[in-house]
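Below is one structure; the comments refer to it alone.
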There are 2 protein chains.
Amino acid sequence: MDIHFKIVDVAAKAGVSPATVSRVLNDSSKVTPKTRAKVMNIIHELGYQPHAAAKNLRSQKTMIVGVIVPDISNSYFSEIIKGIENIAYSKKYKVVICDTANNEEKELEFLNLLTTRTIDGVIMVAPLTSNETILSIADHGYLIGIVGKKLEHERIPCILTDNVKFSMQVVHHLVERGHREIAFINGSAHAVDSFDRLEGYLKALKEHNIPFKPELIENGNFHESGGYEAILRLFAKKTPFTAVYSANDEMALGVYRACAELGIQIPEQLAVVGVDNNRIGKYLKPSLTTVKQPNYTMGALLVEKLIDMMNEDEYAENRVFTVDSELLIRGSSEGR
Amino acid sequence: MDIHFKIVDVAAKAGVSPATVSRVLNDSSKVTPKTRAKVMNIIHELGYQPHAAAKNLRSQKTMIVGVIVPDISNSYFSEIIKGIENIAYSKKYKVVICDTANNEEKELEFLNLLTTRTIDGVIMVAPLTSNETILSIADHGYLIGIVGKKLEHERIPCILTDNVKFSMQVVHHLVERGHREIAFINGSAHAVDSFDRLEGYLKALKEHNIPFKPELIENGNFHESGGYEAILRLFAKKTPFTAVYSANDEMALGVYRACAELGIQIPEQLAVVGVDNNRIGKYLKPSLTTVKQPNYTMGALLVEKLIDMMNEDEYAENRVFTVDSELLIRGSSEGR
DNA sequence: TTGAAAGCGCTAACAT
DNA sequence: ATGTTAGCGCTTTCAA
């Protein structure tokens with residue numbers, strides 16, 4: 001037990017040199033079928049497995065990519081992960097996941113896997129770490145991809161949806177349904193997405209000649225509790241509104257809870273729209289209108305690019321991808 | 001860019017030997033505060049980071065534990081992961097997660113990380129891999145922990161809930177609410193849990209002198225669709241029942257969908273009980289009665305044991321943990 | 001307290 | 001087509 005065979009063991013038993021065993025293992029064509037068969041037999045017989053650390057040290061790569069997400073239990077993130085994993089596996093890369101629980105320190109800690117070369121590259125989804133930190137790590141030659149925002153660095157591939165655009169779509173939809181007083185629960189004030197979503201919200205109001213009322217905007221922390229507190233603050237202001245646009249579905253859950261407690265009917269008294277197409281939205285009563293982003297595809301596309309960049313040394317001509325979202329109209333904004 | 005410093009670089013610049021730098025890095029006490037300070041300065045100045053592969057090769061460990069789960073987007077699994085991560089991090093271990101998407105091959109592939117010594121140990125949650133395979137890997141000296149079932153191997157720590165017990169509780173609860181015809185959507189017929197849950201179901205019926213009707217049992221695949229199909233098969237049989245016990249919440253979602261389509265009222269016409277305390281259950285109308293397992297604790301406890309076993313060489317006296325579950329009674333089984 | 005040197009297991013350059 | 005050997009970057013024994 002706990003006995004591990006090495007290449008020299010295989011070589012000795014097969015009557016060949018370690019180099020030949022290595023060639024067999026790495027599919028080098030320069031080995032006769034006969035030798036290959038002989039070596040493979042011994043490998044199976046002994047149950048030989050290469051020692052990753054030795055291999056990594058020698059080859060200076062690990063064939064592992066990391067993924068950092070704020071919360072794996074959120075389906076938005078887990079779908080991105082699935083996209084990443086499937087493409088990565090098809091390219092012989094392994095994937096390791098880090099759930100930061102929205103903890104910036106943990107994010108930094110995981111980035112150590114990059115700088116200690118435990119992983120060959122990393123994808124950060126909606127990173128908390130400052131742009132400067134990320135850029136500086138990339139400057140040191142480490143490979144980082146970003147989902148959800150755009151960084152200005154020629155070696156950082158990014159993929160994102162057009163926040164301005166879908167934010168406008170949401171407002172258009174609500175206006176079409178007859179709403180003119182539309183509250184907005186935005187994400188944390190310093191999140192990049194929040195700027196763009198606010199911009200879309202304002203732009204759409206303008207197009208419809210609806211005056212902007214700053215008191216109809218609140219910020220939340222992207223969690224259920226944040227949405228709950230934000231909607232209560234909005235109600236407290238006494239500025240009437242008939243619809244609320246929540247920057248994600250989690251916060252919309254908080255809106256549902258507040259409405260249930262206050263006896264406010266959705267959508268009759270308040271229309272609600274979220275973002276993310278969280279799985280829970282479909283099961284709510286009424287089901288939640290939301291913006292569906294192509295999560296799986298975003299993960300898949302980005303990791304493909306990242307792996308390409310690891311292997312070619314040329315810089316990417318095509319570094320920033322923007323993908324379209326889709327508005328899923330459901331019960332929470334219908335039937336008025 | 002892409003320039004990495006090594007221990008010799010630090011040593012040269014600090015005017016000491018590589019050995020001393022290593023001692024500083026590893027907190028060896030045999031180094032004067034003065035030397036330590038000098039070396040640390042250079043380390044920071046150069047931004048030196050140790051090369052993981054070299055370190056792993058030399059020390060024959062990686063300080064990484066793996067976790068294999070069937071589906072990270074299921075909150076049952078993600079909570080277990082959180083428990084594992086928090087304890088592991090506190091003991092300086094890193095955690096890498098594998099989402100198998102219920103794919104046995106992917107599970108096996110990930111176990112290669114163990115046998116190639118990329119990770120020091122692994123926790124398998126509700127593994128698909130056969131017991132023989134797992135036992136044989138453990139026999140080779142690799143460290144595996146299991147959540148959700150018990151394996152007979154002195155080096156495999158396990159943690160599980162008492163399926164028989166909570167299964168009986170579920171049936172007791174339903175009988176108390178006046179139900180006598182209780183259907184059961186069990187998990188896949190060959191899952192270990194399924195045996196025990198069936199046993200609990202039968203035992204409880206017996207205690208209440210309720211005759212067992214085999215036609216009231218169906219098996220599902222633990223997914224929403226499996227529950228949907230199973231309940232349709234049950235309805236098709238025309239054997240009446242007023243309550244259904246679903247082996248997990250996911251499948252209960254399928255029951256909800258079928259009932260919505262057929263106009264069957266929950267709980268008035270059909271009481272529903274699930275297992276797992278999936279987050280979605282709270283948001284359903286009516287909210288779902290379910291069995292809550294201490295997921296976080298199970299992950300935390302098991303990884304603690306696993307890490308202990310990695311470091312002590314003694315075998316564990318206390319290898320199998322059984323934890324209690326709690327029945328959360330909510331709307332789907334109330335108000336008849 | 002510090003340094004010199006061997007060696008962890010593998011691959012690739014070079015030699016045969 | 002196959003073998004020999006150096007070296008990837010680190011830690012640790014042994015010697016000073």
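Note: hydrogens, waters and symmetry copies are ignored here, and every other heavy atom, side chains too, is used. Per chain, numbering begins at 1; letters A, B, ... match sequence-line order.
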Query raised in the report: Any donor-acceptor pair under 3.5 Å linking the side chain of T35(B) with the backbone of V31(B)?
Result: no

**Report entry** Non-hydrogen atoms of H51(A) and R117(B) that approach each other most closely
**Finding:** CD2-NH1, 3.4 Å

Requested in this report: Using five pairs at either end of the helix from dT1(C)-dA16(D) to dT16(C)-dA1(D), determine the angle between the two local helix axes and round it to 10 degrees.
Outcome: 40°

Query - For E105(B), all residues meeting salt bridge (charged side-chain N to carboxylate O under 4.0 Å, His left out), sequence neighbours excluded - result: none

Query raised in the report: Is there a side-chain polar atom (N or O) of T35(B) under 4.0 Å from OP1 or OP2 of dT1(C)?
Result: no

**Report entry** Where Y93(B) and N311(B) come nearest, the two heavy atoms and their spacing
**Finding:** OH-OD1, 3.5 Å

**Report entry** Those residues of residues 48-62 of chain B lying under 4.0 Å from DNA chain D by at least one heavy atom
**Finding:** Y48(B), P50(B), H51(B), A54(B), K55(B), R58(B)

Query raised in the report: Between K149(A) and P127(A), is any pair of side-chain heavy atoms under 4.5 Å apart?
Result: yes

Query - Residues forming a salt bridge (charged side-chain N to carboxylate O under 4.0 Å, His left out) with D99(A), sequence neighbours excluded - result: K82(B)

Report task. Please assess H4(B) against Y142(A) for the test ring-ring contact (aromatic ring centres under 6.0 Å, His included), listing each intermediate value before the final yes or no. Result -> CA-CA 11 Å; H4(B) 298 299; Y142(A) 299 101; 5.4 Å; yes

Requested in this report: Could you list by number each residue of residues 9-25 of chain A showing a heavy-atom separation from DNA chain C of less than 4.0 Å, or answer none if no residue does?
Outcome: A19(A), S22(A), R23(A)

Query raised in the report: Sub-3.5 Å donor-acceptor pair from the side chain of S59(B) to the main-chain atoms of K55(B), do we have one?
Result: yes

Report summary line: In whole angstroms, the gap separating P of dG7(C) from NZ of K6(A) amounts to 11 Å

Query raised in the report: Is it true that a side-chain atom of D120(B) and a backbone atom of M63(B) form a donor plus acceptor pair closer than 3.5 Å?
Result: yes

Query raised in the report: Would K106(B) count as a cation-pi partner of Y89(A), with NZ or CZ less than 6.0 Å from the six-membered ring centre and within 45° of the ring normal?
Result: yes

Query raised in the report: Would one find more than 12 heavy atoms of other residues, nucleotides or ligands at under 6.0 Å from atom NZ of K61(B)?
Result: no

Report task. Identify the 5'-most and 3'-most nucleotides of DNA chain D with at least one atom closer than 4.0 Å to a non-hydrogen atom of chain B. Result -> dG9(D) to dT13(D)

Query raised in the report: N26(A) side chain to S22(A) main-chain N or O, any donor-acceptor pair under 3.5 Å?
Result: yes

**Report entry** Enclosure of K38(B) NZ (heavy-atom neighbours >12, cutoff 6.0 Å)
**Finding:** yes

